[in-house]
Enquirer: 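Dropping the structure in here first, questions after.
This one's a predicted model, so the numbers in the text were calculated from it and none came from an experiment. Every number for a ligand or one of its atoms is a count from 1 in the order of the listing.
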Amino acid sequence: MVFLLLFGLLGGWILAGRMLAPLDRITHATRTATAGSLSHRIRLPGRKDEFRELADAFDTMLARLEAHVAEQRRFAANASHELRTPLAISKTLIDVARADPHHDTGELIDRLHTVNTRAIDLTEALLLLSRADQRSFTREHVDLSLVAEEATETLLPLAEKHGVTIETSGDIAPTVGSPALLLQLSTNLVHNAIVHNLPEQGTVWVHTTVRPKTVRLTVENTGEQVTPEVASTLTEPFQRGTERVHTDHAGVGLGLAIVKTITRAHDGTLTLTPRSAGGLRVTVELPAKAPRADSAA
Ligand SMILES: Nc1ncnc2c1ncn2[C@@H]1O[C@H](COP(=O)(O)OP(=O)(O)OP(=O)(O)O)[C@@H](O)[C@H]1O
Ligand SMILES: [Mg+2]
């Protein structure tokens, strides 16, 4: 009896230890992640059982978290760098003026004004990006075609200046969201389509369509050839095509990042497709106004 009891206890203890070993590995991985190391993975071997599924799901979550943290760090580094540039230029301008008291102050003030405006634009774009990301806006019924039309009308003088023709068409496209953010989204897209167009005789097409469950805004423009590889990186913050040149007129490279964040905050999708004849087609697809919201209207 005693032997049987001891044998049973020992057998049970070994069996439980073997069964629960994967849990130990998962606990260890959780502790490592809590301590700040996101690169550790469980990589549980063996057949696909519940433990393996839990470990695999945990590994996937860790990979996503690690990528997200790396993206945030890259963003903070880029933002600091971009914010430092106008401040450094202002300092140089002031230093030069101080060293030479006969310097033309009118020119200095003009240049300081330009640099300052750029810094304000950049800060406003960053604020907008974080506001859209928080999803703290109130949702209203919005007709995407009206919003796109308003953005286009505001930008008509700029299009004229760039020798670009804008053609708008499409149906009423009811959706739910923030009118201000959707106007910002449309403005950024039409603005890009105008300024990143051909040097002369460019065309922009702004089109809205209604699909069974979604509404679509497409902004398409003529322009230089864009490769699919480049197109896939353009929505990253501070990405400016293939060139990273700084001129007074260069954008800050946040326009499409803002569009992407606003689209995501509205549960929509953003697609960038290079046109075979050159230029880009950008499509934003948002959920159509829900029928329940319809009756509440
Ligand atoms: N419609 C377009 N056609 C061709 N290239 C485009 C188009 N829209 C964007 N791009 C490319 O993508 C890059 C990133 O665009 P994004 O709007 O994010 O920044 P930006 O226009 O350079 O600056 P800003 O922050 O002032 O908008 C641009 O520099 C340009 O090279
Ligand atoms: Mg832009």
Enquirer: Within a strict 4.5 Å, meaning less than it, do heavy atoms of the His266 and Ser178 side chains meet?
Expert: yes
Enquirer: Which option, Gly278, Pro237, Gly253, Ala125, owns the non-hydrogen atom nearest atom 20 (P) of ligand 1?
Expert: Gly253
Enquirer: Who are the ring-ring contact (aromatic ring centres under 6.0 Å, His included) partners of His40, not counting sequence neighbours?
Expert: His28
Enquirer: Under the rule for salt bridge (charged side-chain N to carboxylate O under 4.0 Å, His left out), what residues qualify as partners of Glu220, not counting sequence neighbours?
Expert: Arg275, Arg281
Enquirer: Atom 26 (O) of ligand 1: which of Ala257, Gly202, Pro274, Gly251 has the nearest heavy atom?
Expert: Gly251
Enquirer: Does Arg98 form a salt bridge (Lys or Arg N to Asp or Glu O under 4.0 Å) with Asp95? I'd like the steps, not just the answer.
Expert: CA-CA 5 Å; Arg98 200 162 54 179; Asp95 283 348; 3.6 Å; yes
Enquirer: Report yes or no: do Leu270 and Trp205 belong to one cluster of Ile/Leu/Val/Met/Phe/Trp/Tyr joined by side chain heavy-atom distances under 4.5 Å?
Expert: no
Enquirer: Does ligand 1 have any atom sitting under 4.0 Å from a heavy atom of Ala193?
Expert: yes
Enquirer: With a 4.5 Å limit on heavy-atom distance, are the side chains of Val164 and Leu198 in contact?
Expert: no
Enquirer: Show the atoms of ligand 1 that are less than 4.0 angstrom away from any heavy atom in Val252.
Expert: 23 (O), 24 (P), 25 (O), 26 (O)
Enquirer: Only heavy atoms count here, so choose which of Asn221, Ile258, Leu256 is nearest to atom 1 (N) of ligand 1.
Expert: Asn221
Enquirer: Applying ring-ring contact (aromatic ring centres under 6.0 Å, His included), name anything that partners Phe51, two or more places apart in sequence or on another chain.
Expert: none
Enquirer: What protein N/O/S atoms are found closer than 2.8 Å to the Mg ion (ligand 2)?
Expert: Asn192 OD1
Enquirer: Using heavy-atom distances only, which candidate in Gln239, Gln225, Glu236 approaches atom 14 (C) of ligand 1 most closely?
Expert: Gln239
Enquirer: Pick, from Leu234, Thr235, Val230, the option with the minimum heavy-atom distance to atom 12 (O) of ligand 1.
Expert: Leu234
Enquirer: I'd like to check His113 versus Asp110 (side-chain heavy atoms, cut-off strictly below 4.5 Å). Are they in contact?
Expert: no
Enquirer: Just by distance, no angles: are the side chains of Asp171 and Thr208 close enough, under 3.5 Å, to form a donor-acceptor pair?
Expert: no
